[in-house]
Structure formats: structure tokens, C-alpha cells
Amino acid sequence: MAEAGIDALLVGPGADLRYLVDHEAPPLERLTLLILPADGPGTLVLPQLEAPLAEHAAEHVELLPWGEVEDPVALVVDRLAAAGADRGSLAVQDRLWTMFTLSLQAALPSAGWVPGSRVLGELRLRKGPDEIAALHAAGAAIDRVHARVPELLRPGRTEREVAADLDALIREEHDVTNFVIVGSGPNGASPHHEAGDRRLEAGDAVVVDIGGTLAGYCSDMTRDYAVIHMPEGYERLHAVLEHAQQAAVEAVAPGVPAEQIDAVARRIIEDAGYGEQFIHRTGHGIGIEEHEEPWIVAGNRRPLEPGMAFSVEPGIYVPGRYGSRIEDIVVVTDDGVQRCNHRPREVVVCR
Ligand code: ZN
Ligand code: ZN
Ligand code: ZN
């Protein structure tokens, strides 16, 4: 913060707060705000009725509970003034609700405002050894769920039934399910498809993209399946995708620009004639959130560093017919890359 010229960091409920002080605050209309001056102790302003939830936070910062009829913004202003930061540069968490940001801005007219990600993004995108171990554990957990997908894909079952089973299997292996995407047949061409009432048919390709949180860290893994047999053209398309994903993973190493990983996958898919059908970036960082920095996308020239963790998930989508995506989480090591997911990447035909 001192290097970035930031006098205080303001963080409300969400992943950043969990990361900094291990507090899971309900995102509600009463203000919860961590005030972290560049030097000096931190304070967690929170509703009095939620103070009992903040025992972990109390190990890291002072708790400053506010009573039901007090003005919490006035408390924040006082604390910032005491730290000499009320006219300084304030970094506010990117996802703090607008209602809070606007009240803070009105009460602190002389302060300057910058996005909190300027500090927190840098902290969170390099994972330490414990975090990497947690990502590997989450990766192994979701590998075990994918191993059981073939039992679930039968003609006549709806996507929603399959998704409900997957939700239960993910919770067997994780603390919570974060999302379940089951895109069968033409629905697979919508990368973030919500499972619906479509019934599986013989000859469907099915994109299964699932993730959960285990001990605070996320899993996220996609594999492609076929019901009874593959649809026409799918085997060739998938061979291209496997090649692209493998080459992109092999390209990961410290010092390589993030966009290079995207370029490697994209080149192979373009050369095979599917370039127009690869409609998203190649990957996203992952950690305590499913999507965080670094973004694996054209234009991100930032060199990869040991400890960065992200998905490599190229996809090819053919509207009206089917989609395909292969996704593994990888971690940059001192001299290369490690995958967190190890299931085979070819299409599993479920008979
Ligand atoms: Zn996605
Ligand atoms: Zn995914
Ligand atoms: Zn992903």
C-alpha cells in the first residue's frame, strides 16, 4: 500500500475479507467494513448483532461494533481521521456495494479513491505453498466427481436430474457446490448453460463443467462426454481441442506472458478452422474465488510467476449442434507447470 501511495484499504463482505481476516460476513444492508491503514492497526466496523460471528477476525484486528441506531459511516470517518487517512488515497474493495461507497464518498469529500484490487489483486494472485496444496486437494476432489459422471448420463434423463446428482456428488467431496453446468446436445454450445429440462438422447455430446470449494479453495473442471455414441464431426473437433489444451498447458512457465497461453491454444484451433467458434478467453485465475486474476487473455502481457494458479479451458462451440471444452487448473512452478486435474481429457462415451 505504501508503495502504491495508498493510505488505507476499505474492505466489505466477500472473498477479500475472508482472505485478510478470516471473516465470512453476511452481505446485507448493515455496513461491515475493514479499515486497514498503510501503517497502524486495522479495525473491523461491524453490526453489533454480528460481532459473535467475528471471533476469527478478532485475532487479527480490533472489532468496532456499531449499535442498531448508530451511524457506522461516522465511525469509519473517525477511524480514518485517527489514522491520518481521511484526506488521503483510499483503496476501496472492487465489489463493495455502491450504497456504501457513495455514503463513504459523501462523508469523505477530500479523499481520493482507487480500486482495492490494486493492492489485493497483487496479494491474491501469487499463491503460497498452503494455498497451492489446497488447490491440488480441490482438484483431486473434482477429479473424483468427474470419474462418476458416466454413471449419470443415460438417454431420457434431463439435464436438471443430472445436475442434481452432480450437486450431491460435489458436496460429498467438497464443503459446498459452487456451480454445475450440464450442456447437452445444442445446449453445449452455450458455455455457461443453466441445466434445464432437455432430455439426453443417444448421440448427444455433453459438456460437464463443475466446481466446488474445499477448505476455502475452489475447484473448476470441464470434461466432455457422449451419450451412447459421439455425434458426427465431434471426434475430429475434439482431437483439435485436446491438442490445443495440451499445447497451452505445456506453454505455461515463469516469465511467459499470460496472453501467450491464450495465443497457443487459439492458433491451433484457428488453424483447424474452428477459430470463429472459440468465443471466450482461454482461462482465469482461481483461488478463494472461482474467477480471479490473472486473466489468460489476449492483451494481458503480464509475465507468469511461480505460484500463479489458473484454468486452461479452450472450447469450440457449434451453435445448434454441440459444444466442447476441456478445462484443467494449473499452477506455475519455479521451472514449469503442474496440473491440479488428472482425469483423461478425451471424450468419454457413456453406454
Ligand atoms: Zn466460465
Ligand atoms: Zn469451468
Ligand atoms: Zn473455469
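Predicted, not measured: the structure shown is a model, and the values here were computed from it. Atoms within each ligand, like the ligands themselves, are counted from 1 in listed order.
In this structure, Asp204 CG and Arg321 CZ are separated by 12.5 Å, a value rounded to the nearest 0.5 Å.
Here the Zn ion (ligand 2) is the vertex; the OD1 atom in Asp220 and the OE1 atom in Glu327 give an angle of 90° (to 10°). Rounded to the nearest 10 degrees, the angle OE2 (Glu313) to the Zn ion (ligand 3) to NE2 (His284) equals 80°.
Arg325 and Asp209 are joined by a salt bridge, as a carboxylate oxygen and a charged side-chain nitrogen come within less than 4.0 angstrom of each other. Ion pairing between a basic and an acidic side chain is recognised when a charged N comes within 4.0 Å of a carboxylate O; Glu122 and Arg118 show no such pairing.
For Asp209, the nearest N, O or S atom to the Zn ion (ligand 2) falls under 2.8 Å. Counting backbone and side-chain atoms alike, Glu290 contributes no N/O/S atom closer than 2.8 Å to the Zn ion (ligand 2).
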Donor-acceptor pairs under 3.5 Å, side chain of residues 27-40 to any protein atom, not counting sequence neighbours: which ones?
unit_1 : atom_1 : unit_2 : atom_2 : d
Arg30  : NE     : Glu68  : OE1    : 3.0
Arg30  : NH2    : Glu68  : OE2    : 2.6

